[in-house]
Amino acid sequence: MEKVQNVSQSMEVLELRTYRDLQYVRSMETLMRSLDARLRAADGSLSAKSFQELKGRMTELLPLSSVLEQYKADMRTIVRLREEVRNLSGSLAAIQEEMGAYGYEDLQQRVMALEARLHACAQKLGCGKLTGVSNPITVRAMGSRFGSWMTDTMAPSADSRVWYMDGYYKGRRVLEFHTLGDFIKGQNFIQHLLPQPWAGTGHVVYNGSLFYNKYQSNVVVKYHFRSRSVLVQRSLPGAGYNNTFPYSWGGFSDMDFMVDESGLWAVYTTNQNAGNIVVSRLDPHTLEVVRSWDTGYPKRSAGEAFMICGVLYVTNSHLAGAKVYFAYFTNTSSYEYTDVPFHNQYSHISMLDYNPRERALYTWNNGHQVLYNVTLFHVISTAGGP
């Protein structure tokens with residue numbers, strides 16, 4: 001039942017994001033039709049130069065017609081998938097109440113098939129190559145120079161809780177604000193006291209749990225907020241810790257946890273990889289490594305990093321003048337150097353993480369909690385590997 005609920009939550013997030021993209025494409029379709037009408041109305045009254053300019057703009061916009069039709073089809077697919085989730089949830093409940101474990105294997109296959117369809121749909125609608133980062137949006141100035149803040153990447157859209165963790169080592173206090181508005185005002189929050197202190201700022205909240213690096217170790221801890229307990233903890237094999245392989249700014253940032261459209265990731269370095277960034281997909285239930293990639297990029301030369309659609313993006317500095325400089329594609333085990341401008345407004349980034357639910361970057365910048373929107377190019381598929 002938990003797996004079905006997760007699929008349902010993912011569906012809601014996907015539908016919200018797809019609707020936003022659909023509105024943008026529709027506005028482009030309106031522009032295209034307007035240009036087409038002007039061309040038809042003008043007929044022979046336009047100069048050759050003006051006609052060619054309009055025709056050129058029309059040519060650029062023509063592909064949007066097929067894109068719009070694809071979005072409409074994908075929206076219909078989402079509706080069908082949502083109905084299938086409802087039916088599946090009902091079937092599970094009926095079997096649990098009336099027939100115990102009878103038919104479980106068949107039902108499990110249906111859940112797996114549904115997840116595969118959802119994953120394919122999510123990649124088609126939400127994934128792409130990073131082409132732009134917006135100007136920063138300062139949400140609040142709170143706390144010390146270093147820290148992290150985040151929302152749950154798997155929560156339904158109605159859940160806007162914010163988690164706040166000040167400092168980069170030996171901290172145990174996590175503040176949970178009921179909404180983003182409460183976070184901005186500094187009100188309506190509860191406190192969680194972690195049983196084990198954290199190291200670094202690379203924490204992430206995923207499906208109701210906090211994933212973080214235990215201080216002075218290479219242990220990953222999964223702390224469940226509702227039960228206020230550690231569900232599982234596991235050593236990340238060979239991972240450096242205690243400022244052995246941090247980002248360029250230091251701060252015990254040896255291990256960085258991330259969530260994108262593909263799931264949970266760990267970014268770190270081992271002696272075996274000679275200080276180069278390693279990307280590993282983690283099983284969120286057991287914290288076991290599913291698969292790893294050696295990016296070849298030295299971690300101490302990286303300012304910060306984040307994952308989008310199975311691609312690791314690395315900034316070349318944590319200071320002013322930073323840009324997204326390097327991209328590693330896990331689906332092809334290949335990389336490229338990039339040049340995506342990134343406005344580092346407060347000159348010292350100590351946390352940078354992508355939230356796939358909101359398609360935004362969360363940043364802790366010199367005591368300021370900052371958001372950036374991202375622009376993705378959807379034609380090229382860059383989804384994560386198996």
Side-chain angles (χ1 to χ4, degrees), residues 2 5-6 9 139-236 241 251-259 263-266 282-287 350-358 360 362-364 367-371:
E2 180 185 359
Q5 289 172 346
N6 291 346
Q9 290 174 358
V139 176
R140 190 176 181 191
M142 176 183 179
S144 65
R145 193 178 188 187
F146 313 97
S148 60
W149 71 296
M150 66 217 83
T151 59
D152 191 338
T153 58
M154 276 289 289
S157 57
D159 185 348
S160 60
R161 284 177 296 169
V162 174
W163 286 270
Y164 169 91
M165 302 168 68
D166 190 13
Y168 64 84
Y169 77 109
K170 295 172 62 174
R172 294 176 57 200
R173 191 176 73 136
V174 182
L175 300 185
E176 177 187 311
F177 293 84
H178 186 62
T179 66
L180 179 61
D182 290 328
F183 173 69
I184 293 172
K185 296 175 182 176
Q187 64 184 23
N188 198 16
F189 64 88
I190 60 175
Q191 177 176 289
H192 299 269
L193 194 62
L194 301 177
Q196 299 158 332
W198 72 68
T201 59
H203 331 298
V204 70
V205 176
Y206 180 51
N207 202 21
S209 293
L210 173 70
F211 296 80
Y212 71 96
N213 175 209
K214 179 183 175 182
Y215 179 60
Q216 290 190 327
S217 76
N218 61 3
V219 172
V220 188
V221 179
K222 179 182 180 180
Y223 174 85
H224 188 240
F225 284 116
R226 181 178 297 175
S227 65
R228 293 178 178 263
S229 63
V230 172
L231 296 185
V232 63
Q233 55 182 330
R234 181 182 296 273
S235 176
L236 197 55
Y241 63 95
F252 297 89
S253 56
D254 303 77
M255 297 167 63
D256 195 359
F257 303 105
M258 310 172 182
V259 171
L264 178 65
W265 302 84
L282 301 183
D283 184 315
H285 302 290
T286 65
L287 299 182
S350 61
M351 169 256 176
L352 178 61
D353 229 349
Y354 172 68
N355 187 310
R357 181 178 76 164
E358 301 164 13
Y362 278 64
T363 304
W364 188 292
H368 297 78
Q369 293 73 50
V370 181
L371 289 175

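Reckoned from all heavy atoms, side chains included, excluding hydrogens, waters and symmetry mates.
- Scanning both residues, A266 and L236, for their nearest heavy atoms gives CB-CD2, 4.0 Å.
- In this structure, Y223 OH and L231 CG are separated by 10.0 Å, a value rounded to the nearest 0.5 Å.
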Could you tabulate the donor-acceptor pairs under 3.5 Å formed by side-chain atoms of residues 188-195, not counting sequence neighbours?
from: N188; atom 1: ND2; to: D182; atom 2: OD2; distance (Å): 3.0
from: Q191; atom 1: OE1; to: R173; atom 2: NH1; distance (Å): 3.4
from: H192; atom 1: NE2; to: E176; atom 2: OE1; distance (Å): 2.8

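- The two residues R357 and D159 come nearest to each other via the heavy atoms NH1-O, 2.9 Å.
- Residues I184 and V139 form a side-chain contact, since some pair of their non-hydrogen atoms from C-beta on lies under 4.5 Å apart.
- Pairing each heavy atom of Y212 with each of W198, the nearest pair is CD1-CB, 3.5 Å.
- Residues L287 and L282 approach most closely at O-CD2, 4.1 Å, considering heavy atoms.
- In terms of modelled atom types and a separation under 3.5 Å, the side chain of D166 and the main chain of S144 share a donor-acceptor contact.
- By the 6.0 Å contact criterion, OH on Y362 is enclosed, its count of non-hydrogen atoms from other residues, nucleotides or ligands being greater than 12.
- Using modelled atom types, no side-chain atom of Q233 and backbone atom of V219 make a donor-acceptor pair closer than 3.5 Å.
- Of all non-hydrogen atoms in L180 and V162, the two that sit nearest each other are CA-CG2, 3.9 Å.
- The CZ atom of R234 sits 9.0 Å away from the CG atom of D283 when rounded to the nearest 0.5 Å.
- By the 4.5 Å heavy-atom criterion applied to side chains, Y164 and Q369 are counted as neighbours.
- A ring-centre distance under 6.0 Å is not found for W364 and F146.
- Relative ring orientation between Y206 and F211 is described as tilted, the plane-to-plane angle lying within the 30° to 60° band.
- Residues N218 and S235 bring a donor and an acceptor atom of their side chains to less than 3.5 Å of each other.
- Side-chain atoms of F225 and V174, non-hydrogen and from C-beta on, do get closer than 4.5 Å to each other.
- Between F183 and F177, the ring planes are perpendicular. Angles over 60° get that label, and only those under 30° would be called parallel.
- No side-chain donor-acceptor contact under 3.5 Å links R226 to the backbone of G208.
- Y215 OH to R172 CZ: the interatomic distance, rounded to the nearest 0.5 Å, is 13.5 Å.
- Of all non-hydrogen atoms in S148 and M351, the two that sit nearest each other are CB-CG, 3.7 Å.
- Atom OG1 of T153 is separated from atom CG of N355 by 6.0 Å, given to the nearest 0.5 angstrom.
- Atom-to-atom distance recorded for F252:CZ and Q216:CD is 7.0 Å, nearest 0.5 angstrom.
- In this structure, D353 CG and M258 CE are separated by 6.0 Å, a value rounded to the nearest 0.5 Å.
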request  = For side-chain contact (heavy atoms from CB on, under 4.5 Å), just list the numbers for L210 and M165, CA-CA rounded to whole Å, side-chain angles, deciding distance to a tenth of an Å, and then say yes or no.
outcome  = CA-CA 11 Å; L210 173 70; M165 302 168 68; 3.9 Å; yes

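- Looking only at distances, a side-chain donor or acceptor of T201 sits under 3.5 Å from a matching main-chain atom of S350.
- Checking side-chain atoms of K222 against main-chain N and O of P284 turns up a donor-acceptor pair under 3.5 Å.
- At a threshold of 4.5 Å between non-hydrogen side-chain atoms, the residues Y354 and V204 do not count as touching.
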